[in-house]
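See below for the structure under consideration.
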Amino acid sequence: MGSQGRSGLPGNGGPGEGEGEDEGGEARKLQEGRVARGKRRKGKGRAGARQGGSGRGAEGRPEPQRANEAAGRGAEAAARAGPGEEGEGGGSVEEGARRSVRGDEASAGAGKEAEGRDDGQEERRVRTGRREDASPGRAEGREAEAWGGIAGAGAALVAEAEEEAAAREPPGRPAAGPALWRLPEELLLLICSYLDMRALGRLAQVCRWLRRFTSCDLLWRRIARASLNSGFSRLGTDLMASVPVKERVKVSQNWKLGRCREGILLKWRCSQMPWMQLEGDSLYISQANFILAYQFRPDGASLNRRPLGVFAGHDEDVCHFVLANSHIISAGGDGKIGVHKIHSTFTVKYSAHEQEVNCVDCKGGIIVSGSRDRTAKVWSLASGRLGQCLHTIQTEDRVWSIAVSPLLRWENRAHWRNQSSSCCLRLSAPVPACTAISSLPERSSFVTGTACCRHFSPLRIWDLNSGQLMTHLGSDFPPGAGVLDLMYESPFTLLSCGYDTYVRYWDLRASVRKCVMEWEEPHDSTLYCLQTDGNHLLATGSSYYGVVRLWDRRQRACLHAFPLTSTPLSSPVYCLRFTTKHLYAALSYNLHILDFQNP
């Protein structure tokens, strides 16, 4: 019994002690095996983290390491358990095993988390473009980045091509938006025709379809007719149908506001009294006894330096010339008239007057000239009768300017063909002005502007068929108020300017005694020349400092003045011409340009 009692005491050498030692040894072996397997799994987790991670793979280590340390601490606690504590010992072994399993799972999860964290860091590095050390994982990242960049560039090119194709195609009407845009285009045109220029410009910024729609010429025609120098006559005729109306309205705002860029096209050494004409993309200008033809460059603001042609034939300076179809009709200081073929070397000159020929005009195959010798003559341009005088009219005063009415009917042309070859026609009695007013629009005529020295009015209208004086214009001209330039706008209306510093507008249907409107030069300077767009714009050239003035004919005051010369080189503006984009002014020493398209 004593031996049995001793056998039950812990720590003594008995059967119970031996069994406890065996069980403790087996537990230690099991625990050491689990710890070894945990270390192998931990090594595999670190290797996977290094393969899937980036250069900073150490960031994935802390979690698996803590799990393995916890598992090791559980195993050590189980090993320290005594043999007599079976229940506790067994529980400690199982708890250590569970902790070991949890450590393995935590290690695997931490490895996955490290892989995910490293993948996220790799994406951030790809986006920010940071350089990394060479490794298999980073090489694969760079390859993927390269393929992604190529794919992105291809997508961008495809998108750009689609946008260009959409821009070339006419945009469709917007499906969404106000019901107003779904109306027929005819009704939309009618509605939008009541908008002003600013409202149409804002409407064009809504969408591409409205931008195309608001560029229609019909919407801008009404605005263009009320603008300055937009290419429309007073009657609404479009003189420049090839240019979009919207673009012309934009340039017309520069004319209205006086925004332009000044330049010089040509220079000459000695003082001249040049005259010029425009035809298409060509400029014809007289210099001394020559007429030179230049071609504009595409911008219209510069000339080709080499002239296209040179037309000679006069012994003295060319005073005036006009373009008539394919001919140049010139008047010279030598008293001769020259007829030049534009596209050939054909030139004919013949003696016309006893003194210098100051002015000439040509319409419908009829040439009319005026001279200092106080006569005006009518000539035929027909090839068989070239140089033959049809009428000689005694004006009793020096003739400075002349113009043929635009109304030249076909029966009048037949009349010139049937005329006799007499060189002089005596004047009949003047037709009273009161009876001539009603017949003026029905008869072909021309008007002369004289020096106003020997008669009351410098403006007189003559009948081309009979050579009779039809009427004289005005009744309040002071002596010496000579007319230096005049032009017909229509068979009923004409403009004149001269020494009295006024521009006068005459309407033969209203009155021949008084002009319907007049504009006074502010600096009391002689007006040498004038030009109009046929609608609202009027340009004049003054005798001092080369001043070019722009007028809005709906107003009394001058819009803008451009002095082109300074005091030492003060010069009159002998001639000026303009298009919808540029104004050209000929002075004593150079040819100036005002560019309103690119101010």
Side-chain angles (χ1 to χ4, degrees), residues 188-206 210-262 278 280-281 296 299-301 487-490 492-495 497 503 505 507 516-519 529-541 548-562 576-585 593-599:
L188 283 178
L189 286 173
L190 179 60
I191 294 171
C192 293
S193 64
Y194 293 97
L195 300 178
D196 59 2
M197 180 174 56
R198 187 181 297 273
L200 285 176
R202 290 177 177 175
L203 190 62
Q205 299 175 358
V206 174
L210 283 177
R211 181 179 181 182
R212 179 189 64 83
F213 178 77
T214 53
S215 298
C216 179
D217 286 352
L218 293 176
L219 292 178
W220 293 92
R221 186 179 295 270
R222 176 183 57 85
I223 300 173
R225 290 185 61 180
S227 302
L228 294 178
N229 196 21
S230 59
F232 284 87
S233 67
R234 189 176 294 272
L235 299 178
T237 305
D238 192 352
L239 305 177
M240 301 185 64
S242 60
V243 182
V245 181
K246 182 179 179 180
E247 299 300 322
R248 285 183 271 167
V249 171
K250 289 181 180 178
V251 179
S252 71
Q253 297 304 302
N254 295 333
W255 288 86
K256 180 180 178 180
L257 300 174
R259 295 193 298 242
C260 66
R261 178 167 52 88
E262 182 184 343
L278 298 177
D281 60 348
F296 286 108
D299 58 356
M487 61 177 300
Y488 270 100
E489 270 197 323
S490 72
F492 314 101
T493 59
L494 58 94
L495 290 157
C497 69
V503 177
Y505 178 62
D507 192 337
V516 294
M517 196 166 184
E518 61 185 18
W519 300 271
C529 56
L530 61 86
Q531 185 71 16
T532 178
D533 66 343
N535 196 4
H536 300 302
L537 181 66
L538 178 66
T540 59
V548 174
R549 295 189 184 275
L550 300 182
W551 309 78
D552 188 342
R553 294 167 58 176
R554 295 165 291 189
Q555 305 173 11
R556 289 282 185 179
C558 170
L559 275 181
H560 304 287
F562 304 96
L576 60 84
R577 295 289 183 266
F578 60 76
T579 63
T580 56
K581 300 177 181 178
H582 306 94
L583 185 144
Y584 309 95
I593 179 175
L594 299 178
D595 187 356
F596 289 89
Q597 183 182 18
N598 302 303

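Note that the coordinates shown come from a computational prediction; the quantities given were computed from them, not determined experimentally.
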Looking at Arg222 and Ser193, would you say the former's side chain and the latter's main chain have a donor-acceptor pair under 3.5 Å? yes
Residue among Leu200, Leu195, Asp196 satisfying side-chain contact (heavy atoms from CB on, under 4.5 Å) with Arg198: Asp196
Would you kindly say whether His536 and Asp552 are connected by a side-chain donor-acceptor distance under 3.5 Å? no
Between Trp519 and Gln555, is there a donor-acceptor pair closer than 3.5 Å when you use the side chain of the first and the backbone of the second? yes
Asn229 side chain to Thr579 backbone, donor-acceptor under 3.5 Å: yes
Nearest 0.5 Å please: distance from the CG atom of Asn535 over to the OG atom of Ser233. 7.0 Å
Point-to-point distance, once rounded to the nearest 0.5 Å, from CZ of Arg202 to CG of Leu210: 15.5 Å
Are there more than 12 heavy atoms of other residues, nucleotides or ligands under 6.0 Å from atom NZ of Lys246? yes
Short side-chain to backbone donor-acceptor contact, His560 and Lys256, under 3.5 Å: yes
Straight-line distance of Leu538 CG to Gln531 CD, nearest 0.5 Å: 9.0 Å
Minimum heavy-atom distance between Asp238 and Gly231, given as atom pair plus value: OD1-O, 3.5 Å
Output the distance between atom CG (Leu495) and atom OG1 (Thr540), rounded to the nearest 0.5 Å. 11.0 Å
Between Leu278 and Phe296, is any pair of side-chain heavy atoms under 4.5 Å apart? yes
Does Arg259 have more than 12 heavy atoms from other residues, nucleotides or ligands lying within 6.0 Å of its CZ? yes
Hey, does the side chain of Asp533 reach the backbone of Leu228 with a donor-acceptor pair shorter than 3.5 angstrom? no
Can you name the nearest heavy-atom pair linking Phe578 to Ala539, along with the distance? CE2-CB, 3.8 Å
Go through Glu518 and Arg556 one step at a time and tell me if the side-chain contact (heavy atoms from CB on, under 4.5 Å) criterion holds. CA-CA 8 Å; Glu518 61 185 18; Arg556 289 282 185 179; 3.9 Å; yes
Just by distance, no angles: are the side chains of Thr532 and Arg553 close enough, under 3.5 Å, to form a donor-acceptor pair? yes
Roughly how far apart are Cys529 SG and Arg577 CZ, rounded to 0.5 Å? 7.5 Å
Which atom names give the shortest non-hydrogen contact between Ala301 and Ile593, and what distance separates them? CA-CD1, 3.5 Å
Test Cys192 against Phe213 for side-chain contact (heavy atoms from CB on, under 4.5 Å), laying out the working first. CA-CA 10 Å; Cys192 293; Phe213 178 77; 3.9 Å; yes
Test your reading of the model: is there a side-chain donor-acceptor pair from Arg248 to the backbone of Met240, 3.5 Å cut-off? yes
Please give me the minimum heavy-atom distance between Ala224 and Phe232, naming the atom from each residue. CB-CE1, 3.6 Å
Within a 6.0 Å radius of atom CZ on Arg554, are there more than 12 heavy atoms belonging to other residues, nucleotides or ligands? yes
Whether Phe596 and Phe562 hold their rings parallel, tilted or perpendicular, with breakpoints at 30° and 60°: perpendicular
Between Arg212 and Ala204 (side chain of the first, backbone of the second, donor and acceptor by atom type, cut-off under 3.5 Å), is there such a pair? no
Separation between CG of Leu257 and CG of Leu550, rounded to the nearest 0.5 Å: 11.5 Å
Where do Ala585 and Val548 come nearest, in terms of heavy atoms and distance? CB-CG2, 4.1 Å
Determine the minimum heavy-atom distance between Ser227 and Ser230, stating which atoms define it. O-OG, 4.1 Å
Please check if the side chain of Trp255 supplies one atom and the backbone of Thr580 the other of a donor-acceptor pair under 3.5 Å. yes
